[in-house]
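Below: the structure, in structure tokens.
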Amino acid sequence: MQAHKPHILILASWYPNRYTPFNGDFVQRIAEETSREYKVTVLHICNKQEAGKSELVVNKKTNDLEERVFYLEKKPWLMRYPFFLYSGSILLKQIKKERGKVDFCHVQVIWKMGLLAYLFKRKNNIPYFITEHWTGYLPQNNQLNKFGLKFLSRLVGRNAQGFITVSENLGTNIQKLGIAKTKPSVLHNIVRYAEPQPKDNTYKAFTFVHLSNFRDEQKNVSGIIRAFARSLNTNPNMKLLLGGANDTRVYEKQVNELNIPIQQISFLPEMSHERALATIAQADALICFSHYETFGITCAEALCMGVPVIYTPCGGPEEYIQKHMGIEVPLQDESALTQAIIALSNGTITFDKNRILTDARALFDNAQWLKKLKCIY
């Protein structure tokens, strides 16, 4: 007789939906991995952008994994949060009726699905865990003065059964803010990767890649472009791929002003996770020049495909990137970034790709990740 699998309700504040198909796709990967050992139901509630009644979309991926995305109809401002909480309670009843008793919840990002976890604990006696990914808790991007977020985060965070962050740095800041009662456990994101393929003829020049949401205040894309432009004066046999956002006009204007030849820089559209991995796998190096991060998922993905990384100590990558995996440059130091780009492209600094790949895959092994999660539970 098969042992009973605890039923986890993942309350995902970020999750792929029809408006943002790639938002929170890393939470989706966490749900998939968790369902190897547990029965998992994912609930994500987002505001409906068009007129009409609320709508529930159910995607049964396996017997042990079901996704439920609820599109909340538009309501007057004063009714939004009461209606959100009421809808959440109705959805919980449906899940219990159709999927069975919920043993505990796991909140992925406190704001705003954490409010439901707190409600379910008070009303239904369902305990909950939290995993936090949000940069809003970092001092460089303090968002807690908006809409009473600090109070609500503390209310939800201090009533959790357990608190997890994806980096030591994020956990330290959350503890300083009094959001977690004790020091959070650290459990990195699920890292997926593609197997290395023969290099495409399109990538004859030494190719650097940067994929992100293009928010310059965090990702410093403009700094990457300036450093790359200076690097071309020393080694013109390079190409830079920039991808991940639809609106690239401000950066295209910068490229024109810096007179970077169009054959040496390309803007790629927002893409699926699989396509992003394939793009990274074809590159010679990845650049992360961020001001701040909580983990740096593209860095980890690159390493698992043997691609070295140029990175800043921005609160995530420096916790797992070892010296034989890449080059660390100081925050905002465009001169240091320029020198790192030149050194890699002309072969002054080289890396053993097989060693990077082997060590990174051992570090981000999914079986070990699941074992750590079970220990936390």
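Since this is a predicted model, take the numbers as computed values, not measurements. All heavy atoms count here, side chains included; hydrogens, waters and symmetry mates do not.
Using a 4.0 Å cut-off between a side-chain N of Lys or Arg and a carboxylate O of Asp or Glu, R361 and D365 do not qualify as a salt bridge. A salt bridge links K219 to E293: one of the charged nitrogens lies within less than 4.0 Å of a carboxylate oxygen. At a threshold of 4.0 Å, the pair K93-E98 does not count as salt-bridged, since none of the basic side-chain nitrogens sits closer than that to a carboxylate oxygen. Taking the charged nitrogens against the carboxylate oxygens, E55 and R68 have no contact shorter than 4.0 Å, which rules out a salt bridge. Residues E328 and K323 are not paired through a salt bridge, judged by the lack of any N-O separation under 4.0 Å between the basic side chain and the carboxylate. The pair E32-K61 meets the salt-bridge criterion, with a side-chain N (NZ, NE, NH1 or NH2) lying under 4.0 Å from an Asp/Glu carboxylate O. Electrostatic pairing of E33 and R192 counts as a salt bridge here, judged by a charged N lying under 4.0 Å from a carboxylate O.
Checking Y377, F163, Y38 one by one against F129, the ring-ring contact (aromatic ring centres under 6.0 Å, His included) holds for a single residue, Y377. The one candidate from W134, Y320, Y311 that meets the ring-ring contact (aromatic ring centres under 6.0 Å, His included) condition with F295 is Y320.
For the pair I30 and W369, the minimum side-chain heavy-atom distance is below 4.5 Å. Residues C304 and V191 meet the side-chain proximity criterion, which asks for heavy atoms closer than 4.5 Å.
Ring geometry for H188 against F364 counts as perpendicular: the plane angle is over 60°, on a 0 to 90° scale with 30° as the lower cut. Note: W111 and Y81 have tilted aromatic rings, judged against thresholds of 30 and 60 degrees for the angle between ring planes.
Figure legend: cation-pi geometry between K48 and Y71 absent, as NZ or CZ is not positioned both under 6.0 Å from the six-membered ring centre and within 45° of its axis.
In this structure, a donor-acceptor pair under 3.5 Å is present between the side chains of Q108 and H133. A side-chain donor from one of K239 and S266 sits under 3.5 Å from a side-chain acceptor of the other. Of the N and O atoms on the side chains of R80 and N47, not one donor lies less than 3.5 Å from an acceptor on the other residue.
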